[in-house]
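Being a predicted model, the structure only gives us computed values, none of them experimental. Whatever order the structure lists them in is the order used to number ligands and atoms, beginning at 1. Start at 1 with the first residue, then count along the sequence.
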Amino acid sequence: MSQHRPALGAVQETLLIPLYGRAVEHRAAEPALRDPRAVQLVEAMDYDFSRFAELPSLTGSVLRTVLFDHWTRDFLARHPNGTVVEIGTGLNTRYERTDNGRARWFDLDLPDVIALRREFFADTPRRTMLAGSVTEDGWLAEIRQQPQRPVLFSAEAVLPFLSAEQVRGVVERIARAFPGCWLALDSNSPELVAAQDQHDALSKVAARLRWACPDIDGVADWVPGSRVIGSHTLTSLPAPVYRGLPAAHRRLLDDLATRRLPQVTGYRMHLLRLP
Ligand SMILES: C[S@@+](CC[C@H](N)C(=O)[O-])C[C@H]1O[C@@H](n2cnc3c(N)ncnc32)[C@H](O)[C@@H]1O
């Protein structure tokens, strides 16, 4: 049943990698996460996903999602009526995994992605899709029209595709519009960005990483008063996340930790609290 042929721009196409990773993970005997929607979406799409089959970084993308899910659940436990904004949502299904029945939710992505997303997902009174670039202002204005609530901005595997100047602009505008918000993001070291043509998944797509981040403290310095709540590599996940993984995943991470591969040590996921 392959009816949907995704017609996506270069950076937009990258959403298919984590989507496929979650679909593969769902079918594993002991999965780190369940995502039946990802399986349905992959089956419904006319796209050669076999190009991503068996890539080691698929597991990495799944573990990243597990951490971002953990941060989202933590945020909603502290702020059950809070707002979650998925920046560069792709075909992510975090709402399906973490919604608490009360949160307000926004899914932002570029127009062609939102058009594709609308083929599979519908807006509801608590969930709204927004078409636009994170580098523009319109989406922030739409969210500001809502009653004020604590906000988590979750930018999973999105900002590295922007220039450093654009990333700084995004962080500064979010901070100005939503004082006290949380921001989850990920980053790559300059060495990883320089070596991206050898990356197992990126070498299969046209999009290229642009933002090289030597140190998250530099990002926090863009907005004085920002605090880095967490900064993790895949091999230094928060203890509750690591403990919650299946044994095979923990063994893999333990092994990776001893090898100190640059693709692991240079890739980090961060949670910031903006002032
Ligand atoms: C690697 S995918 C990640 C998708 C999703 N966050 C996930 O983890 O499944 C990168 C996503 O960022 C989106 N993106 C890239 N540049 C963007 C921009 N300027 N504004 C909004 N979304 C953007 C792409 O369209 C794509 O959906």
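- Taking only nitrogen or oxygen atoms, main chain and side chain alike, Gly88 reaches within less than 3.5 Å of ligand 1.
- Listed by number with element, the atoms of ligand 1 under 4.0 Å from a non-hydrogen atom of Gln12 are 24 (C), 25 (O).
- Heavy-atom contacts from other residues, nucleotides or ligands closer than 6.0 Å to CD of Gln148 number more than 12.
- Between Arg250 and Asp254 there is no salt bridge, since no side-chain nitrogen of the basic residue lies less than 4.0 Å from a carboxylate oxygen of the acidic one.
- Within the cation-pi definition used here (under 6.0 Å to the ring centroid, within 45° of the axis), Arg126 does not qualify as a partner of Tyr95.
- Remark: minimum distance from atom 19 (N) of ligand 1 to any protein heavy atom is reached at Ser133 OG, 3.0 Å.
- Per-residue contacts place Gly90 under 4.0 angstrom from the following atoms of ligand 1 (heavy atoms of the residue considered): 27 (O).
- Ligand 1 lies nowhere less than 4.0 angstrom from a heavy atom belonging to Leu108.
- For the pair Glu86 and Arg127, the salt-bridge criterion is not met [side-chain N within less than 4.0 Å of a carboxylate O].
- Atom 7 (C) of ligand 1 has its closest protein heavy atom at Asn92 ND2, 3.7 Å.
- Distances below 4.0 Å separate heavy atoms of Leu15 from the following atoms of ligand 1: 2 (S), 27 (O).
- Contacts between Leu19 and ligand 1 below 4.0 angstrom, taking non-hydrogen atoms only, are absent altogether.
- Look at Asp35 and Arg97 and you find a salt bridge, because one of the NZ, NE, NH1 or NH2 atoms lies within 4.0 Å of a carboxylate O, short of that distance.
- Of the protein's non-hydrogen atoms, the one nearest atom 16 (N) of ligand 1 is Leu110 CD1, 3.9 Å.
- Those atoms of ligand 1 that come under 4.0 Å of a heavy atom in Val113, given as number and element, are 25 (O).
- Using a 4.0 Å cut-off between a side-chain N of Lys or Arg and a carboxylate O of Asp or Glu, Arg118 and Asp123 qualify as a salt bridge.
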Give the intermediate values and the outcome of side-chain contact (heavy atoms from CB on, under 4.5 Å) for residues Leu110 and Val11.
CA-CA 10 Å; Leu110 296 166; Val11 73; 4.1 Å; yes

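- The nearest heavy-atom contact from the protein to atom 1 (C) of ligand 1 is Thr14 OG1, 3.2 Å.
- Annotation: atom 3 (C) of ligand 1 to nearest protein heavy atom, Glu156 O, 3.6 Å.
- For Val134, heavy-atom contacts with ligand 1 shorter than 4.0 Å involve the backbone as well as the side chain.
- In this structure, a donor-acceptor pair under 3.5 Å is absent between the side chains of Thr233 and Arg268.
- Nearest protein heavy-atom contact of atom 25 (O) of ligand 1 is Asp109 OD1, 2.6 Å.
- In this structure, the protein non-hydrogen atom closest to atom 10 (C) of ligand 1 is Ala157 O, 3.2 Å.
- The pair Asp107-Arg94 does not meet the salt-bridge criterion, since no charged nitrogen lies less than 4.0 angstrom from a carboxylate oxygen.
- At a 4.0 Å heavy-atom cut-off, ligand 1 touches Arg22 through the side chain alone.
- Nearest heavy-atom pair across Leu76 and Ala103 is CD2-CB, 3.7 Å.
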